[in-house]
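Single-structure report; data block below.
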Amino acid sequence: MPSNESKLTKLKGLSYELAELYAAAQPGEGWHPEYKKNRDNFRKLIRTNIKLERKFRAYFKDLAKRVTSRISWSDYNNRLYKADEFFLDDGWEDELLEIRVNLDQILFDAFMMGAFAQEAELGFSSGFVPGDQIAQEALRRHVLRLSGQINETTIKQIKQSLISSIQQGLNQFEAGQRLEKLVSNPYRARMISHTETVRAYTQGRLEIGIRIGAKEKQWFDGQPGACKVCSALNGMVVGIDEQFPTLIGPRDGSPAHPWCKCLTKIIL
């Protein structure tokens, strides 16, 4: 029988109860309770997460089918017993646009949810509207950077896979099969979709803080079993334009790491 998770990802609509089931099945600690303060907003956030996961699953699955055609297999065969560094052919710039298409509108939806959740918490409107051009441009710049990072990571993983295949003496067919399995990894699609949904939601909250002139923001892990990175940040306050000094590098706000479910709030 299909798992609850697989059933959830096929639903067109999503109730709060099913959203909670899906959220509970994700790796890592639980979501900060504040995310669930508005049940409808949390339901929409999880639905956005699922939509993005679907997009990336489909993208990586399609990429896996075409990635072998972008490899110079003659070079691979010449290096079969040498294990030299392997170089891919050109053409990866096209993937940036494909990733942006997957990210753009869905992340803006999460951004808006964060903005509206922050306004609801404050009890007044900052004037933010769904079609806000300044916010859209800021998020598009982030999407462009993120697309580049995802693309670079994919290329790095492919190179490492090919080098490993060379070292193991795998032939072209075996190396190609190994490569397709690596690229189509559904776990990576799920991890990216969760992490970037939370990041966009946080950026929406911070955007409201900047607009109303808030001076500070605060980190909350708020759940038992939080990792040492997040538990070290719990309750920390920094300036609205400053970064939180996490154990793994500075962050504007949550998430601190993949699968992080902490909350960043502005302080008046």
Side-chain angles (χ1 to χ4, degrees), residues 2-3 5-6 8-11 22 25-27 46-80 83-110 139-168 170-200 255 257-259:
S3 65
E5 182 183 335
S6 64
L8 287 170
T9 57
K10 294 178 182 178
L11 295 177
Y22 180 85
Q26 293 175 322
I46 295 301
R47 187 175 63 186
T48 298
N49 187 166
I50 293 173
K51 285 169 63 178
L52 189 58
E53 180 181 342
R54 284 176 173 172
K55 289 279 189 179
F56 269 108
R57 278 178 182 259
Y59 168 71
F60 287 133
K61 186 176 180 179
D62 288 343
L63 178 59
K65 293 176 182 177
R66 62 179 180 266
V67 70
T68 53
S69 66
R70 296 193 172 187
I71 306 301
S72 175
W73 289 108
S74 59
D75 286 343
Y76 176 87
N77 292 327
N78 289 336
R79 294 174 171 82
L80 191 56
D84 293 339
E85 183 175 1
F86 192 89
F87 293 94
L88 301 176
D89 66 355
D90 294 330
W92 286 94
E93 294 82 2
D94 297 341
E95 301 299 333
L96 286 172
L97 180 59
E98 185 72 23
I99 297 171
R100 284 193 67 182
V101 169
N102 285 320
L103 288 169
D104 225 345
Q105 184 56 52
I106 295 179
L107 285 190
F108 192 70
D109 290 344
L139 195 62
R140 284 195 182 105
R141 287 193 294 271
H142 168 69
V143 166
L144 185 60
R145 290 193 299 271
L146 177 60
S147 301
Q149 291 168 0
I150 293 172
N151 208 29
E152 288 173 8
T153 300
T154 300
I155 293 172
K156 182 178 179 181
Q157 290 179 341
I158 291 170
K159 287 184 177 181
Q160 289 175 337
S161 176
L162 290 169
I163 291 170
S164 177
S165 293
I166 291 171
Q167 291 172 336
Q168 294 179 46
L170 302 184
N171 61 36
Q172 178 178 330
F173 177 76
E174 293 169 328
Q177 280 194 318
R178 189 168 186 257
L179 197 56
E180 288 182 17
K181 185 176 180 180
L182 170 75
V183 173
S184 62
N185 182 1
Y187 180 84
R188 186 183 177 210
R190 192 178 179 204
M191 180 184 69
I192 291 173
S193 63
H194 166 80
T195 307
E196 298 310 322
T197 298
V198 172
R199 195 186 315 280
H257 54 80
W259 298 115

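T197 and A110 get closest at one heavy-atom pair: O-CB, 3.7 Å. Minimum interatomic distance between A200 and L107 (heavy atoms only, all atoms of both residues): CB-O, 3.4 Å. For L139 against F108, the heavy-atom pair with the smallest separation is CD2-CA, 3.2 Å. Looking at every heavy atom in both residues, R188 comes nearest to T154 through NH1-OG1, 2.9 Å. Nearest heavy atoms, S161 versus L182: CB-CD2, 3.7 Å. Across I99 and N151, no two heavy atoms sit closer than the pair CD1-N, 4.1 Å.
Atom NE2 of H142 and atom CG of L146 lie 5.0 Å apart (nearest 0.5 Å). Put simply, CD on E95 and CD1 on I150 are 11.5 Å apart, with the number rounded to the nearest 0.5 Å. Remark: I192 CD1 to L52 CG distance equals 8.5 Å, nearest 0.5 Å. D62 contributes atom CG, which lies 7.5 Å from atom CD of E98 (distance to the nearest 0.5 angstrom). Atom-to-atom distance recorded for Q167:CD and L162:CG is 11.0 Å, nearest 0.5 angstrom. Between the OG1 atom of T48 and the CD atom of E196 there is a distance of 14.0 Å, given to the nearest 0.5 Å.
Put simply, the side chain of T153 gets close to the backbone of Q149: a donor and an acceptor are under 3.5 Å apart. Of the possible donor and acceptor atoms, one in the side chain of W73 sits under 3.5 Å from a partner among the backbone N and O of T68.
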Side chain to side chain contact (heavy atoms under 4.5 Å, CB included) evaluation trace for Q105 with K51: CA-CA 11 Å; Q105 184 56 52; K51 285 169 63 178; over 6 Å; no
Test log, rule salt bridge (charged side-chain N to carboxylate O under 4.0 Å, His left out), inputs R178 and E174: CA-CA 6 Å; R178 189 168 186 257; E174 293 169 328; over 6 Å; no
Derivation and outcome, side chain to side chain contact (heavy atoms under 4.5 Å, CB included), residues V101 and Y59: CA-CA 10 Å; V101 169; Y59 168 71; over 6 Å; no
Residue pair Q172, I71: steps toward the side chain to side chain contact (heavy atoms under 4.5 Å, CB included) verdict: CA-CA 10 Å; Q172 178 178 330; I71 306 301; over 6 Å; no
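Side-chain polar atoms of Q168 and S164 form a donor-acceptor pair below 3.5 angstrom. Looking at R57 and S193, their side chains never bring a donor and an acceptor atom within 3.5 Å of each other. Side-chain contact check for E53 and N49: no donor-acceptor pair (N or O, by modelled atom type) lies under 3.5 Å. For the residue pair Q157 and N185, no side-chain donor N or O sits within less than 3.5 Å of a side-chain acceptor on the partner.
Contact check on K156 versus E152 returns no salt bridge, with no Lys/Arg side-chain nitrogen under 4.0 Å from an Asp/Glu carboxylate oxygen.
The aromatic rings of W259 and H194 lie parallel to each other, with less than 30° between the two planes, well short of the 60° mark.
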